[in-house]
Amino acid sequence: MKEIASKTVYIGVDDLDLDLFEGQYIVPEGISYNSYLILDEKVAIMDTVDARKGEEWLANLSEALGGRRPDYLVVHHLEPDHSGMIEKLLELYPEIKIVGGAKALQMLPQFIDKPFEGIAMKEGESLELGEHSLSFFGAAMVHWPEVMVSFDKATGVLFAADAFGKFGALSKCGFYYKDDDDWACEARRYYFNICGKYGVPVQNLLKKVLALPIEKIAPLHGPILAEGKEECIALYQTWSSYGVETEGVFVAYASIHGGTAEVAEHLAEILKAKGCPKVAVSDLCRDDMAEAVEDAFRYGRMVLAAASYDGGLFTPAYNFLHTLQMKAWQKRKVALIENGSWAPSAAKVMKEMLGTMKEIDIVGESVTIRSRMRASDEAALEALADAILQ
Ligand code: FEO
């Protein structure tokens with residue numbers, strides 16, 4: 001058991017054999033379901049874990065309790081990766097009181113079939129454990145409506161629910177935050193794909209909690225943020241305000257037979273030759289979609305190259321733009337390349353889809369390729385590169 005602060009121990013578990021997190025995100029380094037225990041005059045469990053790793057968590061809990069019985073289960077977030085063991089906990093400790101927001105207590109019967117005694121916390125209210133005192137703050141839509149975070153005044157630990165979470169098991173990525181680049185890579189993919197739509201709620205939460213004297217941030221996934229946490233907070237400010245994190249251009253393409261891929265790769269070379277500080281390229285047919293989404297948010301400029309298909313837009317590009325619509329992608333410059341062998345239709349659909357998003361500036365003349373790139377397309381591609389770099 002690892003003590004993260006005075007009388008506060010980590011009892012969470014790693015999951016290294018999950019195929020897809022939330023049914024859609026690959027997690028090559030696994031994921032952790034974090035859970036904590038505060039052992040004061042009163043004993044509080046801070047969230048349970050996914051039932052997939054329930055037995056391991058129960059063993060951690062039992063060892064950390066050392067024969068004591070828990071008084072409270074604090075439920076910061078009800079999603080099954082954190083509520084999976086609530087029913088079992090009620091079976092073992094029927095007297096335990098469940099502490100959470102009113103919305104969480106109202107929704108809880110959707111997840112369990114056991115009666116429970118709930119204590120509803122309102123904004124700013126505290127739960128006294130002895131030396132430790134937990135103050136609660138609403139965090140609706142970070143990432144579900146019932147979410148609350150809590151702050152322990154005694155230790156300065158912020159129990160942040162999904163906020164500041166990261167893909168990656170702790171045995172792989174470390175128990176404490178170490179390095180900005182290393183953390184940001186999978187924290188960014190996690191953030192934009194899971195909370196990307198909820199920038200405003202995340203901003204509201206940051207405004208409230210950053211006024212607190214935070215020593216450590218204890219999220220529900222990934223490492224604990226202590227030394228250097230300011231770097232992570234600064235990234236969260238950029239991400240949640242839809243700001244540009246990295247100067248450069250993201251080139252995303254969806255190609256059927258390679259012709260569109262060739263033009264996209266060529267445009268990437270033109271951009272580099274023109275001095276673009278960073279050019280990231282993604283094959284929307286083969287690369288991880290969640291990573292493409294992450295890069296679309298990371299950079300301020302995107303070139304989207306796609307084939308026409310069935311009188312519309314080739315499906316991988318359509319799915320990508322649809323995901324960006326769902327995630328409230330916004331405040332970006334976009335340039336378009338379409339490929340069409342007889343009736344090009346991709347650019348029209350891309351423009352329609354981009355037209356539904358906030359503050360998307362489509363720049364330059366869309367370039368149309370007929371099956372394969374020709375020398376005669378060069379001038380139009382040069383002009384498109386200039387437009388996106390302007
Ligand atoms: Fe980690 Fe929104 O659940």
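Index from 1, following the sequence. We count ligands from 1, going down the list as the structure has it; atoms in each ligand are counted the same way.
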Which donor-acceptor pairs under 3.5 Å do side chains of residues 113-122 form with protein atoms, sequence neighbours excluded?
none

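In this structure, Trp239 and Ala184 approach most closely via the heavy-atom pair CH2-O, 4.2 Å.
Side-chain N/O atoms of Glu378 and His266 include a donor and acceptor closer than 3.5 Å.
A salt bridge does not link Asp361 to Arg332: none of the charged nitrogens lies less than 4.0 Å from a carboxylate oxygen.
Pairs engaging residues 9-44 under the ring-ring contact (aromatic ring centres under 6.0 Å, His included) rule: Tyr10-Tyr36, Tyr10-Phe175, Phe21-Phe167, Phe21-His221, Tyr36-Phe159 [sequence neighbours left out].
Protein N/O/S atoms found under 2.8 Å from atom 2 (Fe) of ligand 1, listed by chain and residue number: His77 NE2, Glu79 OE1, His143 ND1, Asp162 OD2.
Grouped with Tyr309 in one hydrophobic cluster are Ile256, Phe314, the linkage being side-chain heavy-atom contacts under 4.5 Å among Ile, Leu, Val, Met, Phe, Trp and Tyr residues.
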